[in-house]
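Right, one structure below, let's go through it.
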Amino acid sequence: MTTPAKTPGKYAAHLTYGVPSAAPEGGIPFWEIFPYEGELSIKAIEDPVIPEPPRGGEGGRECGECARGDDDGYVWTDANWRLSARREPEALVTLLLTPRGHYDSGDLPAGLSAELGPVMQRVENAMMGLGDIARVHMSKWGDGGSHLHWWFFARPEGLMQFRGTCLALWGDVLPPLPRELWEESLASIASQMTATGGETAGQVV
Ligand SMILES: [Zn+2]
């Protein structure tokens with residue numbers, strides 16, 4: 001065990017720093033949902049960085065979401081929310097839901113927090129409405145940008161290996177969807193969302 005340059009906090013003090021370790025027997029690398037196989041080891045844990053560097057939108061760094069400005073290129077928008085996707089096809093239909101104003105989850109005004117659940121439900125239902133989708137998974141990470149962004153991932157029906165927490169990892173390693181299907185899917189989501197309010201710029205990819 002090496003001594004980290006910074007003193008870890010109490011939830012990180014029990015870890016071993018600086019040396020790789022073997023994957024635990026029966027751990028997630030051995031589960032059917034894990035996308036990789038072969039001999040695996042766990043990376044050496046790097047020293048803590050305290051204080052952490054600012055995220056996008058903090059400490060004088062530009063917020064990428066706020067810098068996008070107008071609603072061009074969004075799949076769907078309304079007075080308080082914007083829904084986006086990458087312009088290039090991805091392996092999974094993947095969307096990002098953000099508040100129009102610069103808030104994170106901890107300082108989201110109560111009125112927007114009350115709207116969030118119903119909006120997330122609409123996004124989920126629109127993705128399920130594409131057909132051939134078994135489940136929509138959602139996540140909120142926020143280590144890169146401080147502007148709240150909820151991820152939505154559509155799991156293709158029948159692909160049982162894609163269940164659960166590894167879905168996003170699969171999305172990173174699989175070939176992208178055909179462009180035509182990608183564009184049709186985003187157009188369908190835009191249409192389904194606007195059917196219950198809000199609008200679309202009409203040019204989402
Ligand atoms: Zn922002």
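As a basis for the values below, the full set of heavy atoms in this structure was taken, side chains included, without hydrogen atoms, waters or symmetry mates. Atoms within each ligand, like the ligands themselves, are counted from 1 in listed order.
- Two different hydrophobic clusters hold L177 and W170 under the rule that ILVMFWY side chains link at heavy-atom gaps under 4.5 Å.
- Remark: R163 engages E32 in a side chain to side chain donor-acceptor pair (under 3.5 Å) (not counting sequence neighbours).
- In this structure, E58 does not pair ionically with R61, as no charged nitrogen and carboxylate oxygen lie closer than 4.0 Å.
- When the side chain to side chain donor-acceptor pair (under 3.5 Å) test is applied to D71, the partners found at least two apart in sequence or on another chain are T77, R82, R100.
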Compile the donor-acceptor pairs under 3.5 Å between side chains in residues 142-160 and protein atoms, sequence neighbours left out, one pair per line.
| unit_1 | atom_1 | unit_2 | atom_2 | d |
| --- | --- | --- | --- | --- |
| S146 | OG | G56 | O | 2.7 |
| S146 | OG | H102 | NE2 | 3.2 |
| H147 | ND1 | H102 | ND1 | 3.4 |
| H147 | NE2 | P99 | O | 2.8 |
| H147 | NE2 | G101 | O | 3.1 |
| H149 | ND1 | H147 | O | 2.7 |
| R155 | NH1 | L159 | O | 3.3 |

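- By the 6.0 Å and 45° rule, R135 does not stack over the aromatic ring of F162.
- Protein N/O/S atoms closer than 2.8 Å to the Zn ion (ligand 1): C63 SG, C66 SG, H102 ND1, H147 ND1.
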